[in-house]
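Structure first, commentary second.
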Amino acid sequence: MTTAAEPSSTEEQAEPTAAESDDHASTQAAGGKPRRRSQFVGTDRRVFLAMLLIPTTIHILIVWIPTILSIGLSLTKWNGIRIADLEWSALENYDQIILGAFQQDFFQALLNNVWLLLFLFFGPTLLGMFLAYLLDKSIRGSRIYQSVFYTPVVLSLAVVGFIWQNIMYDQEFGLATWAFGGGENVAWLGNQEFLFEFGGYGLSKNFLAILVAMAWRHTGYIMVLYLAGLKSVDASLKESASLDGCNEWQTFRHVLFPTLKPINVIVVVITVIEALRAFDIVYVLNTPRNTELLSILTTDNLIGEGADNIGRGSAYATMLFLLCIGFVLWYVTNHYRNQEASV
Amino acid sequence: MTDTATTVTTAAANPTKATKKIVTKKKPLRPARVVLHVFLIVMGILWLTPLVVSLYASFRPFSDTQANGFLSLPSSVSFDNYKAALDQGDFLDKYWNTALILFPSLILTLFLASMIAFVASRYTWRFNIFFLVLFTAGNLLPQQIMVAPLFQAFRRIPLPEFMSNSGNLNGSNWAIILLHVGFQMGFCTFVLSNYMKLLPKELNEAAMVDGASLWTTYSKVVMPLTRPALAALATLEFAWIYNDFFWAVIFEQRGDDRPITSALANLGGEFVTDTNVVAAASIFVIIPVMVVYFALQKHFIAGLTLGSTKG
Amino acid sequence: MSGRVLRSPNPSQVGFPLTRRKFLVGGASAVGAAAVLAACGSDDTTDAGAGDDSSGGGEAAAASGTVRVGSNYSDAKPNEALKAVLDAFPNKDVTIELNEVDHNTYQEQIVAYMQDPPDDVAPWFAAYRLVPLASAGLLLDISDVWTNSLDDILSSGFKQASTYDGKQYLVPWTFYSWGIHYRKSVWDSVGATPPEDWDGLLALCNELQGQGITPFASGNDGRWPAMGTFDQINFRLNGYQYHVDLMAGNESWTDDRTKEVFARWAEILPFHQENPNGREWQDAGQAVVDGEVAMMTIGNFVGDLFPAEELDDLDFFPFPTLNDEHGQDTVEAPIDGWVVVAEPQNEAAAKEVVAYMGTADAQNTYLSIAPGVQAPAEGVDTSAYNALQQKSAELVQNAANVTQFLDRDTLPAFANEAGQAFADFLNDPSNIDSILEDLQSKAEALL
């Protein structure tokens with residue numbers, strides 16, 4: 001039960017010995033400013049290289065080289081079977097997707113990713129933050145509530161998909177139909193009509209239904225993140241705010257929220273990445289019409305029976321990648337820079 | 001008492017901060033509190049309903065729920081659906097398949113990630129940030145972009161028969177393990193490097209003065225202190241790897257070799273699907289992960305928040 | 001000629017036509033397309049996937065060892081039936097290892113599966129759906145199995161449906177037909193009889209609706225069931241050849257004849273259950289079983305939904321006539337079969353297994369347990385057929401033209417697009433012009 005708290009206690013045993021170190025630069029601990037090439041000699045040097053290069057090689061082979069190859073494949077036409085059949089096609093795939101026959105699909109999918117992003121911000125994120133705020137108030141049964149809201153997060157999407165398709169959204173027997181159908185059948189996942197529409201694009205009703213299923217799974221995750229953030233806010237801070245006569249909202253808005261900035265950053269990152277990469281739940285629900293996401297188009301065009309041109313699938317994948325990578329690099333680089341600077 | 005889990009979490013997330021003393025005040029029951037509890041109870045019930053109803057349906061005959069709905073009183077209650085799911089789905093074998101993929105993936109991921117986190121966060125050298133960025137960014141990419149080249153490569157890499165039914169890397173557990181390791185290493189490196197950064201910098205120097213080698217510093221000094229983070233990551237990665245079905249569906253063409261999450265699909269028949277049998281199968285699928293979740297809840301949550309509360 | 005075929009094969013070249021004459025008499029050149037096929041047959045250029053022809057048929061030099069058979073027969077009855085068939089495999093020197101995968105994943109993953117196949121023998125479909133696999137060299141040429149043992153027991157129509165570029169790649173195993181299925185007792189109770197033509201159908205629908213019964217069940221989750229209705233209206237209205245040409249990209253989706261199909265479809269749409277896109281076909285079928293809905297355009301396999309003792313109450317009739325020129329001359333009867341992967345581990349045994357699957361013995365065993373389909377081999381015990389099976393088999397035999405199904409008669413990538421377009425149409429029939437324009441642009445990009 002107490003292992004998690006260990007670092008804070010063991011830290012004391014590791015008394016600072018930096019002053020005794022003669023060659024300070026050669027043993028730079030994290031965050032030290034001077035940089036020298038040869039920190040290590042002999043065996044240490046070889047061990048260092050091994051510890052660095054073995055994991056890096058695996059990671060690059062599995063993640064980065066295939067990514068780069070996919071970008072290359074997006075400029076070809078290929079049935080994905082014999083390499084001899086691969087034909088260079090320059091930007092034709094992109095032309096077909098952005099300007100040609102697949103334009104409608106592509107932009108609707110892109111728009112769905114945008115809806116998802118907005119929804120995650122205004123739905124699960126706000127709700128998760130609110131729940132965290134409530135559960136932080138040292139109330140009775142807080143831990144039980146936490147477990148309840150967090151449980152969907154640990155379920156396999158294969159199970160989540162089954163539950164929503166058959167238990168919740170079955171148009172005749174589903175609980176959603178029972179609760180809101182008023183005795184009529186409701187095609188929760190089958191109704192592809194747009195709730196609102198502009199120029200042939202819009203937000204379809206069945207996508208909204210899927211968003212609700214996503215919220216079920218996402219809210220607990222956000223709640224846990226904010227809960228951790230709130231717990232680390234000094235209790236006296238909350239105390240003094242209420243003594244100063246702030247009401248609940250003012251306390252939250254002016255005292256708590258600013259201290260949650262690191263969490264907010266994380267939540268923004270997670271939300272943007274999740275919104276771009278989202279895949280599983282739509283996939284397990286058999287991708288009802290008008291609920292396509294970029295990841296779904298990519299997968300359909302890469303591995304389904306209809307994936308007759310790996311090049312087109314790779315072009316979808318590349319665009320998804322480009323949307324992700326700028327944001328990811330910006331965040332990750334900043335994160336480590338700040339960390340380096342602050343330690 | 002209600003706060004222990006998250007208190008510990010906070011401590012784990014901020015190893016350098018002393019554990020705060022939490023003052024639990026006994027407050028009188030005010031109307032606001034009642035409203036609060038009512039709200040939370042309603043939300044809690046809403047949240048659990050899908051799961052509880054699935055569980056309930058798994059004990060009832062399909063014809064019963066078809067005729068009377070999921071919320072009706074049962075005409076009969078039995079384990080028949082579970083028996084049917086066991087018969088049709090071979091779940092005991094599938095648990096074993098999952099274990100064969102899960103545990104090697106878990107151990108290798110943590111081991112390799114801890115090494116890279118150690119060299120890149122405990123020492124400053126010209127490219128250490130580059131490597132951390134590489135790994136963390138790699139974990140945030142969409143999986144789809146790697147699929148096609150990996151499949152083409154894996155089916156061309158021969159493996160001896162005792163390692164692979166298919167004779168290739170594709171179709172073997174090794175492929176899936178490799179994919180999990182390569183991909184999950186990114187997140188673990190991110191979390192472990194954050195954590196290791198917060199250990200006092202003097203540790204390395206002290207070890208150095210004692211004449212410890214780099215490897216000893218890693219294995220005897222830093223790793224023991226990183227245990228909480230490793231425990232948290234292990235529980236989290238357990239759930240993630242256990243729950244994955246995407247890789248297995250693509251890289252494992254033999255139904256018998258697929259892990260349990262992918263096997264769930266095997267019960268979806270071509271023409272007729274018995275919802276309640278699939279509900280029972282779903283319960284089989286979620287049992288291990290729920291057990292781990294409830295047993296190791298604090299590690300679980302610590303794992304999620306480790307990377308996030310600082311930085 | 002193989003180059004031309006690779007690009008965009010005309011379905012008629014891959015054994016599409018199962019004409020009446022060929023079916024019954026076995027005359028190989030009943031239509032022009034068959035003549036093309038005959039020409040292909042003499043073309044010996046080995047293209048792809050052609051294994052060595054030495055170990056053919058395999059009944060003489062008996063095979064031994066282990067052979068791996070894939071199965072996507074994930075439903076209870078077909079699964080049991082297939083196991084019984086394989087247990088009865090006569091060559092006891094061969095051990096059969098069965099690899100069961102679920103039906104939908106198998107189909108979705110077929111290209112990956114075939115590229116690094118875990119099995120020697122695998123289930124697949126006839127006709128155009130063979131082409132992407134065969135042309136890519138993923139299947140073994142089993143022409144020798146046909147020459148040695150199947151030519152005598154399977155009619156040439158089935159052979160053509162198994163042929164690509166002059167070589168055979170499939171052993172036909174079962175088939176079923178599409179039509180309008182209904183419950184006799186329900187129809188008797190309202191005094192309805194099967195209509196002959198379109199006006200009769202509309203009158204019947206009005207009559208049924210007047211009596212408070214929804215005429216048509218409709219479940220399009222999965223997006224293939226709507227293809228069945230489209231096919232029926234299309235070949236009734238425009239004929240078999242138009243279907244073939246449209247599927248091959250040689251006719252346009254924005255052509256008035258195609259638009260007419262949707263106009264007719266729109267006429268009967270109001271008589272269908274609402275919200276078809278969100279309903280699985282089983283739920284739609286169940287409504288027919290329960291007597292809540294009068295009929296359903298679907299394959300014979302809807303019988304699997306009926307309790308065994310009520311199966312006698314199920315009947316069907318061919319889709320009504322829309323154009324006297326074509327009458328009811330076309331039947332949609334998809335054929336399922338078995339293929340051998342391009343590089344099997346045990347080629348001799350694999351060929352022996354597929355040869356066995358082509359026999360009446362094996363097919364009889366299968367039908368005795370899974371009676372939802374019919375079997376093609378000569379000597380199959382048709383007297384054991386139930387009324388529905390008999391009617392279907394007769395219909396197929398007497399048809400001038402046999403189609404497979406939209407998603408088996410065209411490129412899979414395009415079939416996906418068509419499925420989505422039909423779902424869009426069901427959602428908003430008034431939008432059909434822009435839906436068809438979009439679909440045509442996809443046809444041009446893909447076919």
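Side-chain atoms are counted along with the backbone in the values below, which use heavy atoms only and exclude waters and symmetry mates. Lettering follows sequence order; numbering is per chain, from 1.
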- Message: Working to the nearest 0.5 angstrom, can you tell me the gap between B/T275 OG1 and C/Q282 CD?
- Response: 9.0 Å

- Message: Are more than 12 heavy atoms, taken from residues, nucleotides or ligands other than B/W174, located less than 6.0 Å from that residue's CH2 atom?
- Response: no

- Item | Rounded distance (nearest 0.5 Å) linking atom CG of B/D256 with atom CG of C/L98 | 8.0 Å

- Note on the structure: In terms of heavy-atom pairs under 4.5 Å with chain B, the winner among C/D283, C/D119, C/D116, C/D290 is C/D116

- More than 12 non-hydrogen atoms from neighbouring residues, nucleotides or ligands closer than 6.0 Å to CD on C/E343, yes or no? no

- Note on the structure: So, the part of C/Q109 with a heavy atom under 4.5 Å from chain B: the answer is side chain

- Is C/E309 atom CD crowded by more than 12 heavy atoms from other residues, nucleotides or ligands, each under 6.0 Å away? yes

- Task: Please report the shortest heavy-atom distance between C/T105 and B/R258, naming the atom on each side.
- Result: CG2-NH1, 3.8 Å

